[in-house]
Amino acid sequence: MAHPLSPVSPPLKDELDIVIPTIRNLDFLEMWRPFFQPYHLIIVQDGDPSKTIRVPEGFDYELYNRNDVNRVLGPKASCISFKDSACRCFGFLVSKKKYIFTIDDDCFVAKDPSGIEINALAQHIENLLKPSTPFFFNTLYDPFRDGADFVRGYPFSLREGAPTAISHGLWLNIPDYDAPTQLVKPLERNSSSDRYVDAVMTIPKGTIFPMCGMNLAFNRELIGPAMYFGLMGDGQPIGRYDDMWAGWCAKVICDHLSLGVKTGLPYIWHSKASNPFVNLKKEYKGIYWQEEIIPFFQSVALPKESTSVQKCYIELAKQVKQKLGPVDPYFQKLGDAMVTWIEAWDELNSTAKAQAQTQATASQPNGVKK
């Protein structure tokens with residue numbers, strides 16, 4: 001046990017990167033300083049690369065803009081979305097850490113019902129370091145939490161659990177609604193007094209879910225290549241489905257590889273409601289297409305020989321083109337981008353040399369480690 005006055009190293013300090021997509025100055029980091037400052041940040045600047053993004057003093061970070069994306073990936077940069085928060089997956093690509101936490105720049109520190117500030121990152125780390133239970137639901141939710149256990153009737157052969165690949169956190173204040181729901185519930189808010197649920201649960205095998213990217217962590221070594229946020233935003237017929245696409249793909253692969261996905265704690269405070277009319281324009285085709293997309297993911301099967309995330313993802317890309325391609329030509333393009341993404345992942349993550357190359361090609365002053 002450490003001496004009370006001894007400095008205690010934050011958990012996973014050298015094994016975790018925080019990835020933030022943004023178009024603005026990152027003043028929101030001041031609120032997160034007590035929790036984030038020990039960690040390395042990878043900031044992906046969306047939009048105009050000539051714009052200067054201000055980062056508060058004292059943070060260790062790299063800042064990449066679109067020019068850096070093009071320089072690092074060359075022709076493969078086409079797989080990274082532009083003018084959409086899906087650009088965050090470039091940060092996943094260039095990171096060399098075992099774990100990733102990603103958060104949006106309009107998310108702040110939430111408080112639990114007793115008024116204590118929530119260290120969202122610490123809770124995500126706890127989720128990722130403890131097993132999941134995807135094969136049999138425990139009615140007391142996460143049996144690996146302190147003070148919990150497996151209930152009567154839970155098979156002993158399944159109590160070891162499965163490695164946790166993804167920790168999906170939730171939000172207080174502004175709900176994560178689609179545009180039609182925003183329009184009919186414009187004033188609805190989640191408060192810690194009536195919406196805070198002190199629970200973490202494993203999403204069962206065979207069940208997909210709408211993943212939100214604003215408060216999310218994952219084990220990059222276990223599931224990183226599947227965390228591709230698709231082709232969204234500028235030049236694409238759809239937006240605001242980037243995180244959900246990654247979630248559907250990743251969950252199918254987690255199920256195939258016997259990995260776990262947790263949802264629930266931690267909460268963050270989502271501070272800014274986006275414009276529902278702008279969102280409706282971005283989401284329109286997605287709302288229509290999801291009636292085809294969701295049954296596809298519910299029924300997709302991956303072959304036994306797909307034993308790695310990359311092999312699973314290439315197979316999934318093939319099936320996306322075959323089965324969703326007839327819905328719209330966009331899915332042919334998306335399937336090709338999925339393959340390009342895996343090629344880029346393997347190219348940048350095959351050797352330690354790739355890390356040095358990535359850092360060396362980051363442009364001045366933005367792509368500089370501070």
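Count residues from 1 along the sequence.
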Between Gln123 and Tyr267, is a side chain to side chain contact (heavy atoms under 4.5 Å, CB included) present by the stated rule, with each step listed? CA-CA 9 Å; Gln123 178 66 56; Tyr267 286 93; over 6 Å; no

Any idea how Phe331 and Trp245 line up, ring-wise: parallel (<30°), tilted (30 to 60°), or perpendicular (>60°)? tilted

Does Thr102 use its side chain to pair, donor to acceptor, with the backbone of Val19 at less than 3.5 Å? yes

Apply the test salt bridge (charged side-chain N to carboxylate O under 4.0 Å, His left out) to residues Lys13 and Asp60: give CA-CA distance (whole Å), side-chain angles for both, the deciding distance (0.1 Å), then the verdict. CA-CA 12 Å; Lys13 176 182 178 294; Asp60 172 42; over 6 Å; no

Any donor-acceptor N or O pair under 3.5 Å, side chains Thr164, Asn127: no

Looking only at atom types and distance, does a side-chain atom of Lys251 sit under 3.5 Å from a main-chain N or O of Thr207, one as donor and one as acceptor? yes

Report yes or no: does Gln319 contribute a side-chain atom to a donor-acceptor pair with the main-chain N or O of Ala301 at less than 3.5 Å? yes

Step-by-step side chain to side chain contact (heavy atoms under 4.5 Å, CB included) determination, Tyr196 to Ile118: CA-CA 12 Å; Tyr196 185 97; Ile118 298 168; 3.8 Å; yes

Side-chain heavy atoms nearer than 4.5 Å, only ILVMFWY residues, links allowed to pass through others: does that put Ile294 and Val252 together? yes

Measuring from Phe296:CZ to Gln290:CD, what's the distance to the nearest 0.5 Å? 15.5 Å

Polar contact flag, side-chain donor to acceptor under 3.5 angstrom, Thr133-Asn138: no

Using the rule salt bridge (charged side-chain N to carboxylate O under 4.0 Å, His left out), only one of Arg88, Lys96, Lys98, Lys97 pairs with Asp17; which is it? Lys97

All heavy atoms of Phe35 vs all of Leu121, minimum pair found to be O-CD2, 4.0 Å

A quick test of your reading: do over 12 heavy atoms of other residues, nucleotides or ligands sit less than 6.0 Å from NZ of Lys83? no

Side chains of Ile174 and Arg189: closer than 4.5 Å at any heavy-atom pair? yes

Of all heavy-atom pairs between Val44 and Gly91, which one has the smallest distance, and what is that distance? CG2-N, 3.8 Å

Can you name the nearest heavy-atom pair linking Asp46 to Ser85, along with the distance? OD2-N, 4.5 Å

Pairwise distance CH2(Trp341) to CD1(Ile314) - rounded to 0.5 angstrom: 12.5 Å

Would you check if Leu324 and Tyr330 make a side-chain contact, meaning some heavy-atom pair closer than 4.5 Å? no

For the CZ atom of Phe90 and the CD1 atom of Ile42, what is their distance to the nearest 0.5 Å? 9.0 Å

Is there side-chain contact between Leu93 and Leu73, with heavy atoms separated by less than 4.5 Å? yes

For residues Trp171 and Trp269: do they belong to one hydrophobic cluster (side chain heavy atoms under 4.5 Å, members Ile, Leu, Val, Met, Phe, Trp, Tyr)? yes

Decide yes or no on side chain to side chain contact (heavy atoms under 4.5 Å, CB included) for Tyr99 and Leu129, but give the supporting numbers first. CA-CA 10 Å; Tyr99 301 97; Leu129 294 182; 3.4 Å; yes

Without swapping roles, check the side chain of Tyr241 against the backbone of Ile287 for a donor-acceptor pair under 3.5 Å. yes

So CG of Asp243 and CG of Asn215: to nearest 0.5 Å the spacing works out to 11.5 Å

Report yes if some heavy atom in the side chain of Trp289 is under 4.5 Å from a heavy atom in the side chain of Glu292; otherwise report no. no

Among the clusters formed by ILVMFWY side chains lying less than 4.5 Å apart, do Val320 and Ile208 turn up in the same one? yes

Could you check whether any side-chain heavy atom of Gln45 comes within less than 4.5 Å of a side-chain heavy atom of Leu63, counting everything from C-beta outward? yes

Shortest non-hydrogen contact from Phe229 toward Cys89: N-SG, 3.9 Å

Mind checking the OG-CZ spacing from Ser157 to Phe135? Nearest 0.5 Å is all I need. 11.0 Å

Which pair of heavy atoms, one from Asp105 and one from Arg24, lies closest together, and at what distance? OD1-NH1, 2.8 Å

Please report the shortest heavy-atom distance between Phe108 and Ser271, naming the atom on each side. CE1-OG, 2.9 Å

Check whether Asn25 reaches the backbone of Asp27 with its side chain - one donor and one acceptor, N or O, closer than 3.5 Å. no

Less than 4.5 Å apart, any side-chain heavy atom of Ser306 and any of His256? yes

Common cluster, Met201/Ile166, ILVMFWY with side-chain heavy-atom separation under 4.5 Å: no

Does Phe28, at its CZ atom, have more than 12 non-hydrogen atoms belonging to other residues, nucleotides or ligands within less than 6.0 Å? yes

Could you check whether any side-chain N or O of Lys205 sits under 3.5 Å from a backbone N or O of Gly260, counting only pairs where one atom can act as donor and the other as acceptor? no

Keeping Ser81 on the side-chain end and Gly230 on the backbone end, is there a donor-acceptor pair under 3.5 Å? yes

Report whether Tyr288 and Ile238 are members of the same hydrophobic cluster (ILVMFWY, side-chain heavy atoms less than 4.5 Å apart, transitive linking). yes

Ile103/Phe36 under side chain to side chain contact (heavy atoms under 4.5 Å, CB included): CA gap, chis, key distance, verdict: CA-CA 11 Å; Ile103 186 171; Phe36 287 3; 4.2 Å; yes

Hey, what do you get for CG (Asp178) to OH (Tyr284), rounding to the nearest 0.5 Å? 14.5 Å

Under 4.5 Å between any side-chain heavy atoms of Ile80 and Arg66, yes or no? yes

Residue pairs fulfilling ring-ring contact (aromatic ring centres under 6.0 Å, His included) with at least one residue in residues 197-219, sequence neighbours excluded: Phe92-Phe218, His168-Phe209

Are any of the side-chain nitrogens in Asp142 or Lys130 under 4.0 Å away from the carboxylate oxygens of its partner? no

Determine the interplanar angle of the Tyr154 and Phe150 rings, folded into 0 to 90°, and report it as parallel if under 30°, tilted if 30 to 60°, perpendicular if over 60°. tilted

Dump the intermediate steps for salt bridge (charged side-chain N to carboxylate O under 4.0 Å, His left out) on Asp68 and Arg71, then the final yes or no. CA-CA 5 Å; Asp68 301 316; Arg71 190 174 294 109; 3.2 Å; yes

Close side-chain approach of Lys185 to Pro175, heavy-atom, < 4.5 Å: no

